[in-house]
Amino acid sequence: MLSAVAVRAQAQPPAGPFNAVVPAASQSAREVLVQVRPAVIQIKSFFGSNTAQASHGTGFAVKEGGVFITNYHVVAEKVQYPGKYRLEYRTAEGQTGAIAVLAIDVRHDLALVRAADYAPVPLRLQTESEIKGDRAYSVGFPLDVGLTITEGISNGKVDGSFDPRIHYSGAINAGMSGGPALNAAAEVIGVNVSGYRFEQLVSFLVPTAHVLALSNRSLNGQAGIELKKEVAAQLHAHSADLLAAFDGAMKTQAVAGYMLPDKIAPFVNCSAMGSPETDSPVQMVQVLCDAKAGLYVQQGLYSGSLKYAHYGLTTDRLDAWRFANRLSALTAAVGRFGLLRHVGPYACDDRVVGLKGFDANLLVCARRFRKLEGLYDFTVRVSSVNSAKQGYASHLDIYGVAFEPGMRFIRRYVEAMEWRP
Amino acid sequence: MSVERVVVEWLDGHGRVQWRERLALGEGRRSFTIGRSVEADVTLDDPHAAALHATVEIADDGRLLASDLGSANGLIVCGKRWRNTRGLELADNTLQIGRTRLQLRTVHERLAPERPYELPASALARGPGWIAAIAGLACVLQLVYATWLSAPRDFAVSAVSLASVVLAVAAGWVGLWGLLSRVMQGEWRWLRHGAICLGVFAAFIAVRAMVEVGGFVLALPPPGNGHIWLGAAALAGALFLHLTHASPLPARRAALIACGIPALLAAGSHWFQAHDQVRDVNHIDARMRIYPPALRLRAADKLDDYFNKANALRERANKRLADALADEPGSDGEN
């Protein structure tokens with residue numbers, strides 16, 4: 001997901017009437033809404049036989065015969081627990097019926113579904129790149145307050161994103177996930193997927209090309225077990241692509257006398273800061289990098305991403321004992337929070353190893369995914385043990401990758417480190 | 001005719017003599033009276049005693065025979081109350097009247113042979129003050145070192161705060177054992193318990209620090225739950241010393257209690273942690289401690305060796321998941 005605080009249909013409870021504020025639409029927006037209204041449905045998820053919904057999102061018709069597209073995360077619980085969840089649709093006019101999942105594309109957060117007894121005319125898909133600054137609209141059922149259209153600007157493809165996304169400067173709220181984003185001609189330019197909740201109108205769309213690719217797949221439908229296997233296979237493919245993107249020489253930067261991995265791919269976001277106080281006994285520089293390539297699998301479980309951080313320390317005032325103690329405090333190993341229903345406990349290996357020109361303490365911890373066969377989380381800590389005045393602690397966390405490629409990447413990451421005072 | 005001499009000793013709850021009176025019976029007289037009245041030969045200051053409560057007669061063979069003079073509370077001999085009884089033999093020469101315990105000694109008593117005098121074997125008994133002072137100093141030094149190591153902005157305040165907290169907890173612990181000593185042995189024995197508490201604590205943190213530094217120096221694997229057992233050993237040592245100095249328990253029984261309680265606590269803690277960690281998917285049982293590089297004695301492993309053994313890590317991760325699932329009652333069954 002691109003968003004740190006993604007707008008997720010599932011996470012939202014039904015909204016109260018105080019949230020039912022729909023902004024006034026322009027003349028153009030009104031015309032777009034009238035055109036797409038029959039093709040847009042609300043998709044609700046229910047746990048067991050409850051009549052109260054567990055979550056809700058939006059979908060729109062892409063093919064004849066009642067075939068709709070929505071986000072994978074709208075139907076994820078149904079895919080993972082087909083016996084415990086059921087899906088229903090509701091049109092803007094109040095017609096309801098059952099929904100079946102036909103195919104999924106976890107990487108692009110898309111799912112193809114079929115609605116029983118409802119087959120509107122599909123929306124037209126516009127696959128050509130949008131020009132930055134074009135008027136755009138987003139349609140969906142935000143916060144369960146009814147069919148809504150928001151008006152904004154398409155800002156074209158997001159720069160530096162591992163998976164392609166379109167930047168939409170307009171409101172996409174929880175419940176609109178899976179709805180269509182349209183141009184002024186009421187053609188679909190993308191699928192609503194996420195947004196930054198605490199920023200101003202920074203939202204993201206899945207490009208239409210992926211909708212087209214998914215809708216051209218076989219529409220025979222898959223049994224629940226096959227869909228789950230499909231999820232695992234797609235996660236494996238995604239993580240393999242992610243790690244392959246880091247192949248080649250690993251770019252490094254100087255941190256406290258050591259060369260440490262830098263921005264190792266264009267889509268990795270890095271930030272750096274340091275301690276400005278000159279009277280501090282220890283000067284610290286920290287570099288934080290995040291690939292932000294993780295895929296939503298189901299509630300509480302993301303897969304296929306990595307992030308790393310370096311904490312470099314230098315001192316001219318502390319003795320070796322106190323400096324080592326400061327460095328120790330930065331090596332605490334805490335993995336990404338997980339649930340036993342998703343992952344197993346960590347197993348670790350901790351040793352002092354020789355790197356380029358220096359020795360370092362290397363801790364590698366791995367835990368296996370419970371149901372997604374062959375995927376592991378890794379938590380790695382590297383800390384120098386060679387200098388009494390300079391040192392670093394490096395944290396690397398990799399989520400949801402196969403074991404061998406994961407270990408190969410860890411090795412390359414560690415081998416890139418060098419003592420160059 | 002000779003004059004019988006009797007020494008009457010007042011005993012406290014622990015059987016120790018509080019004070020004694022020497023009584024010389026008149027010529028030919030072989031009995032004396034005990035009671036609250038000044039007319040009695042032995043006058044008691046006990047509201048539970050009658051004015052003339054009992055007589056004690058010294059038989060020809062030296063046995064002491066007590067008779068109740070019709071008191072309301074009677075005599076207590078060998079833990080049993082006797083009323084209106086005459087000629088009751090005092091097998092251990094002790095007698096309780098009301099709440100007063102008396103031990104009667106005559107020239108007929110058999111004295112145990114003289115025992116050779118030896119200086120106390122236990123240093124705690126010989127010089128607890130010195131040990132307490134040295135141990136306290138060791139504790140304070142180690143706490144000051146721990147504060148210094150963390151390089152706080154205000155070193156003095158941090159050191160005093162930490163030392164105050166630790167010493168306050170130690171004072172509470174010593175207070176409890178002192179109270180137990182007072183109840184069971186009649187003495188507070190502050191210094192002994194202080195020496196035990198501070199000495200064991202100082203030894204514990206010193207050994208723990210040595211284990212950590214030694215692990216770094218020799219690149220040994222982390223001790224895991226070893227600290228729990230080290231703490232249990234320290235507690236066992238402290239409990240044994242406290243018990244033997246605070247209670248009349250024999251050494252073997254004190255050792256049994258002192259080892260049993262920490263062993264149970266450590267085993268429980270170990271089991272709880274192991275059981276809890278089987279299913280804790282976020283816990284990482286590894287803690288990297290770094291010390292000055294100059295201390296390192298063992299060469300680093302080669303990176304190839306590390307990654308050649310990666311399969312073992314995968315197998316352990318798989319096993320941990322299998323263990324967690326096996327530990328889970330009625331594993332999910334989702335479809």
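Residue numbers begin at 1 in each chain, while the letters A, B, ... track the order of the sequences.
- When each of B/Pro292, B/Ala300, B/Ala317, B/Ala294 is scored by its heavy-atom pairs under 4.5 Å with chain A, the top score falls to B/Pro292.
- With a 4.5 angstrom heavy-atom cutoff, A/Tyr376 touches chain B only via side-chain atoms.
- In this structure, chain A has a heavy atom under 4.5 Å from the side chain of B/Arg296, while its backbone stays farther away.
- Heavy atoms closer than 4.5 Å to chain B are found nowhere in A/Val282, neither backbone nor side chain.
- No other option in A/Ile410, A/Leu363, A/Val352 has as many heavy-atom pairs under 4.5 Å with chain B as A/Val352.
- For chain A, no part of B/Leu220 is nearby; none of its heavy atoms comes within less than 4.5 Å.
- Proximity to chain B is limited to the side chain of A/Thr379, based on heavy atoms less than 4.5 angstrom apart.
- When heavy atoms are compared at a cutoff of 4.5 Å, B/Asp280 approaches chain A solely by way of its backbone atoms N, CA, C and O.
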**OP:** Using the salt bridge (charged side-chain N to carboxylate O under 4.0 Å, His left out) rule, take B/Asp323 and B/Lys319 through it: C-alpha gap first, then chi angles, then the decisive distance, then the call.
**Re:** CA-CA 6 Å; B/Asp323 291 346; B/Lys319 184 175 182 310; 2.9 Å; yes
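- Options A/Ser383, A/Pro281, A/Ala332 differ in how many heavy-atom pairs under 4.5 Å they form with chain B, and the most are formed by A/Ser383.
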Original post:
Could you go step by step and tell me if B/Arg314 and A/Glu404 meet the salt bridge (charged side-chain N to carboxylate O under 4.0 Å, His left out) rule?
Top reply: CA-CA 9 Å; B/Arg314 171 162 48 188; A/Glu404 283 91 356; 2.6 Å; yes
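- Residues B/Val217 and B/Tyr291 fail the side-chain proximity criterion, which asks for heavy atoms closer than 4.5 Å.
- The closest side-chain heavy-atom distance from A/Leu318 to A/Arg326 is below 4.5 Å.
- Remark: the A/Tyr258 side chain and the A/Ser394 side chain contain no N/O donor-acceptor pair separated by less than 3.5 Å.
- Separation of the B/His193 and B/His242 ring centroids falls under the 6.0 Å cut-off.
- The greatest number of non-hydrogen atom pairs below 4.5 Å with chain B, out of A/Gly344, A/Gly338, A/Pro345, A/Ala324, is found for A/Pro345.
- Interface remark: A/Asn386 contributes backbone atoms only to the contact with chain B (heavy atom separation under 4.5 Å).
- Of the two parts of A/Arg408, neither the backbone nor the side chain holds a non-hydrogen atom closer than 4.5 Å to a non-hydrogen atom of chain B.
- Interface remark: of the candidates A/Asp377, A/Val343, A/Leu362, A/Leu362 forms the most heavy-atom pairs closer than 4.5 Å to chain B.
- Ionic pairing of B/Glu315 and A/Arg368 is not present here: no N-O contact between side-chain nitrogen and carboxylate oxygen is shorter than 4.0 angstrom.
- Checked for salt-bridge contact, A/Lys307 and A/Asp397 miss the test: no charged N lies under 4.0 Å from a carboxylate O.
- When A/Arg367, A/Arg351, A/His342 are compared by the number of non-hydrogen pairs under 4.5 Å with chain B, A/Arg351 comes out ahead.
- The pair A/Asp319-A/Arg322 meets the salt-bridge criterion, since a charged nitrogen lies less than 4.0 angstrom from a carboxylate oxygen.
- Using a 4.5 Å cut-off between heavy atoms, A/Ala366 touches chain B through backbone and side chain atoms alike.
- When A/Val382, A/Leu330, A/Leu260 are each tested for a side-chain contact (heavy atoms from CB on, under 4.5 Å) with A/His310, only one passes: A/Leu260.
- Between chain B and the residues A/Asn361, A/Asp349, A/Leu327, A/Leu355, the most heavy-atom pairs under 4.5 angstrom are made by A/Asp349.
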